[in-house]
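Report on one structure; see the data block that follows.
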Amino acid sequence: MDRLGETKIKGILFDVDGTLYHQTPLRLIMMGLLVFCHLNRPTALFRKLKIIVQYRKAQEVLRKTEKRQKQCHLKQLALTVEATGEALAFVSEVVTEWFEQRPLPFIALCRRRGMERAMETWQKNGLRLGIYSDYPAVHKINALGIAKYISILVSPEHPEIEGFKPNSNGFIIAAREIDLNPSQILYVGDRPEVDGQGAVEAGMQVVILKGRFCRSIKDYAFCRSFSTLMNSIPLG
């Protein structure tokens, strides 16, 4: 990857899921754990599995159809309730358990290599580091052991966020929270059509960290690792 240029970078914002850790192995671990916990309760297994699938699907629907709606995380729950026929309380319980709590003991096993060293280097060189994620991220950041490097954390629970990525609204709010002009910020994500599009529309520079199945798109800069990314950002 070429070194980033023209406007000097003063801050870096990160996506979380798929960016700070590899999402596929964590999902496989969670699937195995879900099955193991319900070996003698197949009905409960299928109910929870349906909620998990529909909750993910609801977010992708909202990316395209509800880009300017506040409290989009609540709309995601409502769509999941509608698709599954389950009670809101049960859907919320399953989402909290399997998206926010159960992954925490395993998330560090799947984190990107070189991430902490890169963040330490960037912080020592005066770059401001923050998070803008479509899911609540504070517990994941703690589990990854990088909370000490992160100065701001923005998610759709923020009262001013209107829609999931690629809506640029959240990127602009994150830039305001980290107190930088968007042109001074590098956004690091893993999905060009979501992270890349939204960040570019907000006026940020973008790098997409590639996964095994991610193909390069000429409109975005791609790299394979945090080590490569660290060497591509001019410091000082």
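Counting begins at 1 with the first residue of the sequence.
In this structure, Lys124 is not positioned above the aromatic face of Tyr149 in the sense of NZ or CZ being under 6.0 Å from the six-membered ring centre and within 45° of the axis.
Annotation: side chain of Val95 is in contact with side chain of Leu77 (closest heavy-atom distance under 4.5 Å). A heavy-atom distance below 4.5 Å is not found between the side chains of Leu20 and Arg112. Residues Leu62 and Lys75 have side chains in contact (heavy-atom distance under 4.5 Å, counting atoms from C-beta outward). In this structure, Cys110 and Ile29 have side chains that are in contact, with non-hydrogen atoms separated by less than 4.5 Å.
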| task | Let me see the working for Ser227 and Arg117 under side-chain contact (heavy atoms from CB on, under 4.5 Å), right down to the final yes or no. | result | CA-CA 8 Å; Ser227 297; Arg117 184 169 67 89; 3.5 Å; yes
| task | Evaluate the side-chain contact (heavy atoms from CB on, under 4.5 Å) criterion for residues Val188 and Thr19: first the C-alpha distance (whole Å), next the side-chain angles of each, then the deciding distance (0.1 Å), finally the verdict. | result | CA-CA 7 Å; Val188 181; Thr19 299; 4.0 Å; yes
| Test side-chain contact (heavy atoms from CB on, under 4.5 Å) applied to Thr96 and Phe99, step by step | CA-CA 6 Å; Thr96 297; Phe99 282 83; over 6 Å; no
| So Lys148 and Glu116, salt bridge (charged side-chain N to carboxylate O under 4.0 Å, His left out) or not? Walk me through it. | CA-CA 10 Å; Lys148 59 187 175 184; Glu116 186 169 1; 3.8 Å; yes
| field | side-chain contact (heavy atoms from CB on, under 4.5 Å) assessment of Gln205 paired with Ile185 | value | CA-CA 6 Å; Gln205 300 181 63; Ile185 295 172; over 6 Å; no
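Closest of all the heavy-atom pairs between Asp15 and Gly189 is CB-CA, 3.9 Å. Across His73 and Pro156, no two heavy atoms sit closer than the pair ND1-O, 3.5 Å. Nearest heavy-atom pair, Gln54 versus Ala83, reported as atom, atom and distance to 0.1 Å: OE1-CB, 3.4 Å. Here the shortest heavy-atom pairing between Ala143 and Ala108 reads O-CB, 3.8 Å. Nearest heavy-atom pair, Glu157 versus Pro136, reported as atom, atom and distance to 0.1 Å: OE2-CG, 3.7 Å. Contact record, Asp190 with Asp17: OD1-O, 3.4 Å, taken as the closest heavy-atom pair.
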Mind listing the side-chain donor-acceptor pairs of residues 171-179 below 3.5 Å, one per line with the distance, residues two or more places apart or on another chain?
{"unit_1": "Arg176", "atom_1": "NH1", "unit_2": "Glu160", "atom_2": "OE1", "d": "3.1"}
{"unit_1": "Arg176", "atom_1": "NH2", "unit_2": "Glu160", "atom_2": "OE2", "d": "2.9"}
{"unit_1": "Glu177", "atom_1": "OE2", "unit_2": "His158", "atom_2": "NE2", "d": "3.4"}

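Side chain of Thr228 to backbone of Arg224: no donor-acceptor contact under 3.5 angstrom is found. Remark: side-chain polar atoms of Ser151 are paired, donor with acceptor, to backbone N or O of Leu129 under 3.5 angstrom. A donor-acceptor distance shorter than 3.5 angstrom exists from the side chain of Arg41 to the backbone of Cys37, with no hydrogens or angles considered. Within the 3.5 Å criterion, the main-chain N or O of Leu26 finds no donor-acceptor partner in the side chain of Tyr21. In this structure a side-chain-to-backbone donor-acceptor pair under 3.5 Å is missing from Arg128 to Lys10. Arg111 contributes a side-chain N or O that, together with a main-chain N or O of Leu144, makes up a donor-acceptor pair within less than 3.5 Å.
The CG atom of Leu79 sits 11.5 Å away from atom CG of Leu74, with the distance rounded to the nearest 0.5 Å. One distance of note links CD1 of Ile12 with CG of Leu186; it measures 5.5 Å at 0.5 Å rounding. Note that the CE atom of Met119 and the CD1 atom of Ile146 stand 4.0 Å from one another [nearest 0.5 Å]. To the nearest 0.5 angstrom, Glu120 atom CD is 10.0 Å from Met230 atom CE. Rounding to the nearest 0.5 Å gives a distance of 14.0 Å between CZ of Phe164 and NZ of Lys64. In this structure, the separation between CG on Leu33 and NE2 on His38 is 9.0 Å, given to the nearest 0.5 Å.
Placement of Ile107 and Ile150 within a single hydrophobic cluster is found when ILVMFWY residues are connected by side-chain heavy-atom separations under 4.5 Å, directly or transitively. Under a hydrophobic clustering in which Ile, Leu, Val, Met, Phe, Trp and Tyr are joined whenever their side-chain heavy atoms come within less than 4.5 Å, directly or via other members, Ile141 and Phe226 fall into the same cluster. Put simply, Ile152 and Tyr135 are part of two different groups of oily side chains (I, L, V, M, F, W, Y) that touch within less than 4.5 Å, one to the next. Residues Met30 and Phe46 do not share a hydrophobic cluster, clusters being chains of Ile/Leu/Val/Met/Phe/Trp/Tyr side chains in contact below 4.5 Å. The cluster map of Ile, Leu, Val, Met, Phe, Trp and Tyr, joined by side-chain heavy atoms under 4.5 Å apart, puts Leu104 and Trp98 in different clusters.
The pair Lys140-Glu100 does not count as a salt bridge, with every side-chain nitrogen at least 4.0 angstrom from each carboxylate oxygen. In summary, Arg191 and Glu60 engage in a salt bridge, as defined by a charged side-chain N under 4.0 Å from a carboxylate O.
Residues Tyr55 and Lys50 have side chains that never bring a donor and an acceptor to within less than 3.5 angstrom of each other.
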